[in-house]
Amino acid sequence: MVALGKSGKLHRRELVKAVLEDRGDMLVIAGLGAPAWDITAVGDRPENLPLWGGMGGAAMIGLGLALAQPSRKVLVITGDGEMLMGVGALATIAVQRPANLSILVQDNEHYGETGMQETATKHGVDLVAMAKGAGFARTLLVTRPEEVPGLRAAIHAGGGPLFALAKIDETSLPLVLPPREGAFLQARMREAVMGPAAHLA
Amino acid sequence: MDRDAPETRPGAAEDWPDRIYDLLKLHNIRQVALVPDAGHSRLIRRCLADNTMKVVTLTTEEEGVAMLAGAWLGGDRGVLLMQSSGVGNCINMLSLSHIHRTPMPMIVTMRGDFGEFNPAQISMGNATQAVLEAMGTLVKRADTPEDIAPTVDATIRMAFNTFRPTATLIGQRIIGAKTFGKD
């Protein structure tokens, strides 16, 4: 069972670890900041693309990848601040209906990298409702440990697009930094998807 | 225009969008990200009619920069179509194209650079090239219909051969200024 943080909300890294368990060949995009540290803490690998910038772009990177590789599962893990910055992407993605794309927002209701200023979700903005309004047929709100296995199953099942949001503990955890050379990060994922021929494209 | 002049390609003034479409096919472009512009309307119709192209209408142009980064991760070649005003929306997202070395060809129809009617188009229209170049994009202009196909061809080739953002700016002189009924 996924542990809780000090606030009584889900522990962000335990949550990511549970979601990524037995992930197979799933491709994972992580938004800049803590989500990138979280997927790296679970284990850095070529099928991970941790972002160092491009705030607001994580979900759309997921869309481009999902459209290019319709037979592979693609998961975007990002924060509430990052999702809010690119919230129009929910409309763009919902219209495209990529069955192999899932988005998981780790909502701690704060900008964790810049001094814990409050985000709009702290003040009632409901990203799940916005995803529903955009046209996501499948949405999940996760607040309790016993709901996490269902979240994992939904992400791994396909039949998306899926928009999920987990309310998480706001505590900043020790940094676990991924490689920050972007060309390397891109090339290793391309090779994981296409083999060595990726570098001759 | 002298219709018999041998150096004039017949119909180039009208069919340049079809020549761009032909180039997208030649270069195996599979994802077309766009925010519509009147200047691109014919090309957009051609792409929408093509079942081998995934055409995605964006809510803002920076989504397209991110989307094409994802497309390239998965092995798809893409192109971003937009109006010059949309270039301003892309600035920070182009950081990703740099650090990842992502091919990022952009085809931009210009507003505000030649005979513009709308005051609001002037600032971004005249800053478009400078903004793109400030973000390290290789920018080429096409200001006659005959220039468009070779310039777009070069833009696509330089993006995919050398792994970087590139752009063709199609001048308002070709497209014509929208006059809001005040000709």
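Proximity to chain A is limited to the backbone of B:T57, based on heavy atoms less than 4.5 angstrom apart. Interface residue B:L96: only side-chain heavy atoms are found under 4.5 Å from chain A. In this structure, the portions of B:T102 lying under 4.5 Å from any heavy atom of chain A include both its backbone and its side chain. Contacts between A:L49 and chain B at a heavy-atom distance below 4.5 Å involve the side chain alone, from C-beta outward. Contact of A:I29 with chain B is made through the side chain alone, with heavy-atom distances under 4.5 Å. Looking at A:A89, the atoms closer than 4.5 Å to chain B (heavy atoms on both sides) sit in the backbone and in the side chain alike. Of the atoms belonging to B:Q31, it is side-chain heavy atoms, and not backbone ones, that fall under 4.5 Å from chain A.
The distance between the ring centers of B:Y21 and B:W16 does not fall below 6.0 angstrom.
Salt bridge status for B:R111 with B:E116: present, with a side-chain N to carboxylate O gap under 4.0 Å. Checked for salt-bridge contact, B:K25 and B:D50 meet the test: a charged N lies under 4.0 Å from a carboxylate O. A salt bridge is defined here as a Lys NZ or Arg NE, NH1 or NH2 lying under 4.0 Å from an Asp or Glu carboxylate O, and B:K140 with B:D153 fails to meet this definition. A salt bridge is defined here as a Lys NZ or Arg NE, NH1 or NH2 lying under 4.0 Å from an Asp or Glu carboxylate O, and A:E109 with A:K9 meets this definition.
Of all the listed residues (B:A69, B:G75, B:P103, B:S97), the one sharing the greatest number of non-hydrogen pairs under 4.5 Å with chain A is B:G75. Among A:T92, A:V193, A:I93, the residue making the largest number of heavy-atom pairs under 4.5 Å with chain B is A:T92. Contact tally against chain A (heavy-atom pairs below 4.5 Å) for B:E62, B:M67, B:K54: the top residue is B:M67. Of the listed residues (A:Q96, A:R180, A:M189, A:R72), the greatest number of heavy-atom pairs within a distance under 4.5 Å of chain B belongs to A:Q96.
For the residue pair B:Q172 and B:Q121, no side-chain donor N or O sits within less than 3.5 Å of a side-chain acceptor on the partner. A donor-acceptor contact under 3.5 angstrom links the side chains of B:E61 and B:N89, judged on distance only. Between the side chains of B:T137 and B:E133, not a single donor N or O lies within less than 3.5 Å of an accepting N or O.
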